[in-house]
K.L.:
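There's a structure below that I have some questions on.
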Amino acid sequence: MKTLVIITHPDLKNSVINRRWKEEVEKNAQIGIRCICDLYPDGVIDVETEHKILEQYDRIVFQYPLYWYSAPFMLKKYMDDVFTDGWAYGTGGDKMEGKEIGAAVSCGSAESAFVEGGAQCHSLAYYLGVFDGIAAFLRAKYIGYFAFYDTYNPEALLSLEDNAKKYLHWLVNK
């Protein structure tokens, strides 16, 4: 299974979690990486190039920091621009059909806060449920998510090395 990680962190070079994840993924030459914010700093996405790249992969994982219970702007823009009628859906739009789609997110709050009725009101699965819907619309399969929680807690960061290794394992074995 050929896997592509699409990273949409707006400041990847200063990121702790997403940068470390990227470094770990780079250890596996079989996994492709696209840093969308770095590739398209002006926000103008080369749709034809992205189509050609996506067509080469079976599994697409969107990696990003969770912002206001959602994805950064560039991920939404990427999907709006790239998942086009006639290519990803609609008449003749079958290029995402059968692919696997997942998410990898870093979260500022502790995992215990992401429970129904908790400090974040809902589970992380609830907030990431949009990917299940997107996958269904594209006739793809949603494979779930991988997460790092409590990014502002220095003690939680002690587990980052282990988490990065688990992320790579998740990408390869999911």
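For this chain, numbers begin at 1 and follow the sequence in order.
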K.L.:
Could you identify which residues cluster with Leu168, counting Ile, Leu, Val, Met, Phe, Trp and Tyr as linked when any side-chain heavy atoms lie under 4.5 Å apart, either directly or through a chain of such contacts?
P.N.:
Val5, Ile7, Leu12, Val16, Ile17, Trp21, Val25, Ile31, Ile33, Val61, Ile143, Phe146, Phe148, Leu157, Leu160, Tyr167, Trp170, Leu171, Val172
K.L.:
According to salt bridge (Lys or Arg N to Asp or Glu O under 4.0 Å), who are the partners of Glu55, at least two apart in sequence or on a separate chain?
P.N.:
none
K.L.:
Over all heavy atoms of both residues, which pair between Leu124 and Ala147 is shortest? Give the atoms and the distance, please.
P.N.:
CD2-CB, 3.7 Å
K.L.:
Working to the nearest 0.5 Å, report the span between CG of Asp150 and OG of Ser159.
P.N.:
9.0 Å
K.L.:
For Asn153 versus Glu155, what's the shortest heavy-atom pair and its separation?
P.N.:
OD1-N, 2.8 Å
K.L.:
Measure the OH-CD1 distance between Tyr64 and Ile36 for me, rounded to the nearest 0.5 Å.
P.N.:
14.5 Å
K.L.:
In terms of hydrophobic clustering (I, L, V, M, F, W, Y; side-chain heavy atoms under 4.5 Å; direct or indirect links), are Tyr69 and Leu75 co-clustered?
P.N.:
yes
K.L.:
Who clusters with Val115? Use side-chain heavy atoms, under 4.5 angstrom, across I, L, V, M, F, W and Y, and order the result by chain and number.
P.N.:
none
K.L.:
Is any side-chain heavy atom of Glu161 closer than 4.5 Å to one of Arg20?
P.N.:
yes
K.L.:
Quick check against the 3.5 Å criterion: does Ser70 have a side-chain atom that pairs as donor or acceptor with the backbone of Tyr67?
P.N.:
no
K.L.:
To the nearest 0.5 Å, what is the distance between CD on Gln63 and CG on Leu4?
P.N.:
11.0 Å
K.L.:
Minimum heavy-atom separation for Thr84 to Asp81, with atom names?
P.N.:
CG2-O, 3.0 Å
K.L.:
Do Lys52 and Val47 have side-chain heavy atoms sitting under 4.5 Å apart?
P.N.:
no
K.L.:
Compute the centroid of each ring, for Phe137 and then for Tyr89, and state whether the two points are separated by less than 6.0 Å.
P.N.:
yes
K.L.:
For the residue pair Glu50 and Asp46, establish whether any side-chain heavy-atom pair is separated by less than 4.5 Å.
P.N.:
no
K.L.:
Are the aromatic ring centres of Tyr127 and His122 under 6.0 angstrom apart?
P.N.:
yes
K.L.:
Starting from Met1 and following side-chain heavy-atom contacts under 4.5 Å between hydrophobic residues (I, L, V, M, F, W, Y), which residues can be reached?
P.N.:
none
K.L.:
In this structure, are over 12 heavy atoms from other groups packed under 6.0 Å from Lys141 atom NZ?
P.N.:
no
K.L.:
For Lys95, what residues pass the salt bridge (Lys or Arg N to Asp or Glu O under 4.0 Å) criterion, not counting sequence neighbours?
P.N.:
none
K.L.:
Under 6.0 Å from the NZ atom of Lys166, do we count more than 12 heavy atoms belonging to anything else shown?
P.N.:
no
K.L.:
Side-chain contact, heavy-atom cut-off 4.5 Å: Lys165 with Asn163?
P.N.:
no
K.L.:
Just how far is it from atom OG1 of Thr91 to atom CG of Asp85, taken to the nearest 0.5 Å?
P.N.:
7.0 Å
K.L.:
OG1/Thr151 to CG/Leu66 distance, rounded to the nearest 0.5 angstrom?
P.N.:
9.5 Å
K.L.:
Begin with the C-alpha distance, continue with both residues' side-chain angles, and end with the deciding distance and a verdict on side chain to side chain contact (heavy atoms under 4.5 Å, CB included) for Leu39 and Met74.
P.N.:
CA-CA 11 Å; Leu39 290 168; Met74 278 300 283; over 6 Å; no
K.L.:
Using the ring of each side chain (for Trp, its six-membered ring), is Phe62 parallel, tilted or perpendicular to Tyr78, with breaks at 30° and 60°?
P.N.:
perpendicular
K.L.:
NE2 of His169 to CG of Asn28: how many Å apart, nearest 0.5 Å?
P.N.:
12.0 Å
K.L.:
For the backbone of Val82 and the side chain of His51, can you confirm whether one donor and one acceptor N or O come within less than 3.5 Å of each other?
P.N.:
yes
K.L.:
For residues 96-113, which side-chain N or O atoms pair as donor and acceptor with protein atoms under 3.5 Å away, sequence neighbours left out?
P.N.:
{"residue": "Glu97", "atom": "OE1", "partner": "Arg139", "partner atom": "NE", "Å": "3.3"}
{"residue": "Lys99", "atom": "NZ", "partner": "Leu54", "partner atom": "O", "Å": "3.1"}
{"residue": "Lys99", "atom": "NZ", "partner": "Tyr57", "partner atom": "O", "Å": "2.3"}
{"residue": "Glu100", "atom": "OE1", "partner": "Arg59", "partner atom": "NE", "Å": "2.8"}
{"residue": "Glu100", "atom": "OE1", "partner": "Arg59", "partner atom": "NH2", "Å": "2.8"}
{"residue": "Ser106", "atom": "OG", "partner": "Asn18", "partner atom": "ND2", "Å": "2.9"}
{"residue": "Ser109", "atom": "OG", "partner": "Gln120", "partner atom": "NE2", "Å": "2.6"}

K.L.:
Take a 6.0 Å sphere around CD of Gln30 and say whether it holds more than 12 heavy atoms from other residues, nucleotides or ligands.
P.N.:
no
K.L.:
Are Glu116 and Ser123 close enough that some pair of their side-chain heavy atoms sits under 4.5 Å apart?
P.N.:
yes
K.L.:
Is any side-chain heavy atom of Pro65 closer than 4.5 Å to one of Ser15?
P.N.:
no
K.L.:
Is it true that, when you exclude Glu23 itself, more than 12 heavy atoms of the residues, nucleotides or ligands shown sit nearer than 6.0 Å to its CD?
P.N.:
yes
K.L.:
Side chains of Cys35 and Lys22: closer than 4.5 Å at any heavy-atom pair?
P.N.:
yes
K.L.:
With a 6.0 Å cut-off (strictly less than), is the heavy-atom count around NZ of Lys27, excluding the residue itself, greater than 12?
P.N.:
yes
